Every structure is written in C-alpha cells, then in structure tokens.
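A short worksheet on the structure shown next.
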Amino acid sequence: MFTIGILASGKGTNLQAIIDYIKEENLPIKIGIVISDNPEAYALERAKKEGIRNICIPCEKYKTILDKETEIKYIEVLKENNVELVCLAGFMRILKKNFIKNFPNKIINIHPSLLPAFPGLESWKKALEYGVRFTGCTVHFVDEGIDSGPIILQAVVPILQDDTPEILHKRIQEKEHIIYPLAIRLIAEGRVSIVGRKVYIR
Ligand code: GAR
C-alpha cells in the first residue's frame with residue numbers, strides 16, 4: 001500500500017475525487033490521514049463518511065502560513081501515519097522551508113490555472129479578468145516558492161464569453177478531479193521522476 005496524506009481547507013471536492021478514483025480503480029493507495037486547518041471544512045465530513053482518519057489542526061496566529069508549533073504538529077501527524085506523499089487539495093496556507101525539507105519531492109498541489117500563469121489565490125478570477133481564452137489546472141510538486149514547483153500534469157479549459165467566476169471555476173474543477181487522482185496514481189506507481197524543473201512520466 002502506498003500511503004498518502006491530504007491537507008484540505010474547504011469543500012474537499014478534490015479529496016472526494018481522489019477517494020472515488022482509488023475505489024473505482026481498486027488502487028493500492030491508502031489515504032492515511034486527512035488534515036484540515038479549518039474546523040468547518042466539509043473535507044473533514046467527507047473523510048468521516050468514508051471512515052478515513054481525519055484531524056483538524058487549526059492555526060489561529062496566522063491566516064496564510066502555519067506558525068512553528070503548528071507546523072511541527074502537521075509534520076508529526078503525517079509521519080505518525082506513515083505518509084509517503086502529501087497532497088494539498090485546496091489547502092489555503094503556504095508551506096515553509098522546514099515543512100518542505102521534511103518531505104523532499106513528496107508534496108504535491110493542485111492549482112486552478114495553467115501555471116506559471118496566475119499563481120496565488122482565486123486564479124480563475126484572475127484569468128477571467130485578464131481576458132485569456134484558455135486557462136486550466138496544474139498538478140505540481142511544491143517547492144519553496146508560490147505555485148512554482150515542477151509541473152506534473154496540466155489540463156486546458158476554455159473561457160467562454162459569458163462565464164462568471166463561479167461557472168469557470170466549476171469547469172476547471174471538473175478537470176482537477178481528473179488530473180489530480182491520476183497524478184497521485186502515477187507517483188504511487190513510481191512512474192514520475194524530476195530532473196531540474198522537468199518532470200518525466202514513464
Ligand atoms: C481547487 O479549485 C484548488 O485548485 C484550489 O482550491 C480549490 C479547492 O477545492 N486551490 C488553490 O487555489 C490553491 N492556491 P476543493 O476543496 O473542492 O477540493
């Protein structure tokens with residue numbers, strides 16, 4: 001069994017897509033733990049419903065990062081649960097150096113744009129406001145920058161003239177739910193390697 005840990009702050013539709021894909025494909029992948037920084041996150045409910053271990057580790061001190069003690073707790077819980085790959089699924093905090101050092105090339109993220117375009121928050125809104133015709137989503141390794149690590153998979157989504165931010169985000173999420181579980185599977189199967197900025201898939 002390849003054990004993954006999932007960090008989620010919100011609705012958890014990506015978490016659900018990962019759960020469903022593992023079941024449908026009968027993959028030897030176990031979600032060892034789901035951690036949220038937000039006690040209200042529906043992601044925690046989804047984990048409970050599926051009988052997946054879950055915990056809320058809040059961080060009152062900051063909004064966009066974890067303070068040192070909280071960061072240590074996250075690392076401990078992930079290690080206690082033998083997590084081999086940390087998957088950020090709508091986790092709305094930036095992980096710092098110490099966290100990343102503990103899981104070298106073992107943290108991935110799903111981002112709602114075609115990186116390197118529109119890093120940061122609410123990227124679908126940025127794409128819509130900019131007027132690009134296509135956007136999409138990206139699964140990438142997490143490094144010390146913001147949404148800047150080596151790219152594993154991307155999917156393209158057209159932007160239509162009458163799109164609202166909500167409609168566009170929904171269209172992007174449909175693709176997220178396909179490429180994120182797939183990227184996890186490829187890594188679990190040992191088919192992904194990184195050379196410099198480039199990711200090779202066998
Ligand atoms: C997803 O669209 C994900 O790409 C985005 O948050 C949403 C979480 O949805 N992540 C970021 O913007 C990270 N910067 P979910 O809770 O339904 O999976």
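One-based numbering, in listed order, for ligands and for the atoms of each. In what follows, every heavy atom counts, from backbone to side chain, and hydrogens, waters and symmetry copies are set aside. Keep in mind that what you see is a predicted model, and the values were worked out from it rather than measured.
Within the listing of ligand 1, atoms 6 (O), 8 (C) sit less than 4.0 angstrom from a heavy atom of G90. Close approach of ligand 1 to G120 (heavy-atom distance below 4.0 Å) involves ligand atoms 14 (N). The K11 neighbourhood of ligand 1 comprises atoms 16 (O), 17 (O), with distances under 4.0 Å to a heavy atom of that residue.
Between E122 and ligand 1, no N or O atom pair is found at a separation short of 3.5 Å. Considering backbone and side-chain N/O atoms, A89 never comes within less than 3.5 Å of an N/O atom of ligand 1. Not one N or O of D147 is nearer than 3.5 Å to an N or O of ligand 1, by distance alone.
For CD1 of I146, the number of neighbouring non-hydrogen atoms (other residues, nucleotides, ligands) closer than 6.0 Å is 12 at most.
Closest to atom 16 (O) of ligand 1 among all protein heavy atoms lies G12 N, 2.8 Å. Protein heavy atom at the shortest distance from atom 7 (C) of ligand 1 is Q173 NE2, 3.8 Å. Residue, atom and distance of the protein heavy atom nearest to atom 4 (O) of ligand 1 are E176 OE2, 2.7 Å.
In this structure, H169 has a heavy atom closer than 4.0 Å to ligand 1. Distances from ligand 1 to the non-hydrogen atoms of A8 include no value under 4.0 Å. Within the structure, ligand 1 lacks P119 among the residues with a heavy atom less than 4.0 angstrom away.
Salt bridge annotation for E189-R185: present, with a cationic side-chain nitrogen under 4.0 angstrom from a carboxylate oxygen. Taking 4.0 Å as the cut-off between side-chain N and carboxylate O, K79 and E76 do not count as a salt-bridged pair.
Only the side chain of M92 comes within contact range of ligand 1, with a heavy atom under 4.0 Å; no backbone atom does.
Nearest-residue assignment for atom 10 (N) of ligand 1 (options T13, I94, I172, I110; heavy-atom criterion): I110.
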Set out, in order, the CA-CA distance, both residues' side-chain angles and the distance that settles side chain to side chain contact (heavy atoms under 4.5 Å, CB included) for T138 and I152, then state yes or no. CA-CA 7 Å; T138 304; I152 306 164; over 6 Å; no

Evaluate the side chain to side chain donor-acceptor pair (under 3.5 Å) criterion for residues N82 and T3: first the C-alpha distance (whole Å), next the side-chain angles of each, then the deciding distance (0.1 Å), finally the verdict. CA-CA 7 Å; N82 305 311; T3 305; over 6 Å; no

Criterion side chain to side chain donor-acceptor pair (under 3.5 Å) on D37 and S9, from CA distance to verdict: CA-CA 6 Å; D37 56 335; S9 305; 2.8 Å; yes

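Shown here for T135 and L114, the closest heavy-atom pair between the two residues is O-CD1, 3.4 Å.
Within the 3.5 Å criterion, the main-chain N or O of P165 finds no donor-acceptor partner in the side chain of K170.
Between Y180 and Y21, the ring centre distance reaches or exceeds 6.0 Å.
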